[in-house]
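Single-structure report; data block below.
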Amino acid sequence: MNIMTNRMDLGFQKHQAEYEEAALMVLRSGWYILGKEVEAFEEEFAAFHGEGLSCAGVANGLDALVLGIRALGIGEGDEVIVQGNTYIASVMGASINGATPVFVEPDEHHQIDVTKIEAAVTPRTRAVLVVHLYGLICDMDEVVKICRKHNLKLVEDCAQSHGAKWNGKLAGTFGDVGCFSFYPSKNIGAFGDAGACISPDPELIRKIKVLRNYGSGKRYYNEVVGVNSRLDEIQAAMLRVRMKYIDEITEERRKIASVYDEKITNQGIIKPVQLTGGFAVYHQYVIRSERRDELIGYLKEKGIGTIIHYPVPPHLQEAYAYLGHHKGDYPICEKYADEVLSIPIYNGLTSEDQEYVIDALNNF
Ligand SMILES: *Cc1c(COP(=O)(O)O)cnc(C)c1O
């Protein structure tokens, strides 16, 4: 038996003819960057999320965060509140702009602990960055309320939460800007790097479009110092195909998660729980075990691949030593880093393989 943690080929194979046709159309068109496919994708992606939204395609998820935060005018001297157990890209989205990330502990659902956000607010706080980690979602009504009360911008990192909802409202639509990654392994993945920002504010999206292309709105006239973070036509065309199947993708992942929820009964394993009101899309299925490292070895012997998301919390990363944090500063983040384990979940994971994973976990 060999069950990998992820399989990106299966999603492609399922609709192979459509991807190939769309790619060929772009290849034959003679136009490869920022063209009709990108425009169409931006329109469709905005429309999927609701009326009155605008979208800017960018080169990757990190750039979506960096440019989204920059376009909000956040930078040097500002603080951005972010959950402390996130992927490093969320934190870099703030710090690359010169802002200081201020960490908040997660709750038992692996999401930002909304009861701890207000204690982290200072006169320098400009924004709350919510991550929807692993495709789960926190009480967004509460987050919105806190942001309004303290006059803070709300940024959503939706790299792991395409199609997730809180009380029926889609992730990415609660605040000022929703930032997406379409890295191939994400729920909605391209076949290379890609990202996007959505916002109810068309002026903010215009600014992001200017920033992504050397700060120029009109060709060869540069308003600001920007970057090169353009979305290319092939990836946009691939994403237009992938987005046709978002419901199918989400349903399959939710089905696998519900089988795991029901059948993993080992008392030593803590399963992920979505707070009532949330519609999770299970980018990962993250369990916790006090014997995590032993469990990894045991599963590996049985041919089951696992990954740790993430072994070192951002506040203890070398890159953020300058923030001056120490071990013990965020004990829940540190505990989760020692206990979390992502087990196989991907589109195309067979029922047989799911049962094999379940049996292995229950026999540990
Ligand atoms: C993947 C990811 C990103 C970054 O996306 P890239 O496209 O790899 O730059 C940002 N935040 C989170 C939570 C992610 O999982």
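The figures that follow rest on heavy atoms only: side chains count, while hydrogens, waters and symmetry mates do not.
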Please check if any side-chain donor atom of [X] sits under 3.5 Å from a side-chain acceptor atom of [Y], or the reverse.
| X | Y | value |
| --- | --- | --- |
| Asn347 | Tyr245 | no |
| His315 | Asp329 | no |
| His15 | Glu248 | yes |
| Tyr134 | Ser342 | no |
| Ser199 | Asp201 | no |
| Glu233 | Ser29 | no |

[X] NZ/CZ over [Y] ring centroid, <6.0 Å and within 45° of normal:
| X | Y | answer |
| --- | --- | --- |
| Arg219 | Tyr214 | no |
| Arg254 | Phe279 | yes |
| Lys186 | Phe182 | no |

With clusters built from Ile, Leu, Val, Met, Phe, Trp and Tyr whose side-chain heavy atoms come within less than 4.5 Å, directly or transitively, what are the remaining members of the cluster of Leu316, listed by chain and number?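 For the cluster that includes Leu316, the remaining residues are Val312.
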
Would Glu42 and Lys209 pass as an ion pair if we require N to O under 4.0 Å?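 Here Glu42 pairs with Lys209 in a salt bridge, since their nearest N and O are under 4.0 Å apart.
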
- Query: Any salt bridge between Glu223 and Arg206, counting N to O under 4.0 Å?
  - Reply: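 A salt bridge is present here (some side-chain N lies under 4.0 Å from a carboxylate O).
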
### Task
Identify the residue among Leu72, Val82, Ile81 that makes a side chain to side chain contact (heavy atoms under 4.5 Å, CB included) with Val155.
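Among the candidates, only Leu72 passes.
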
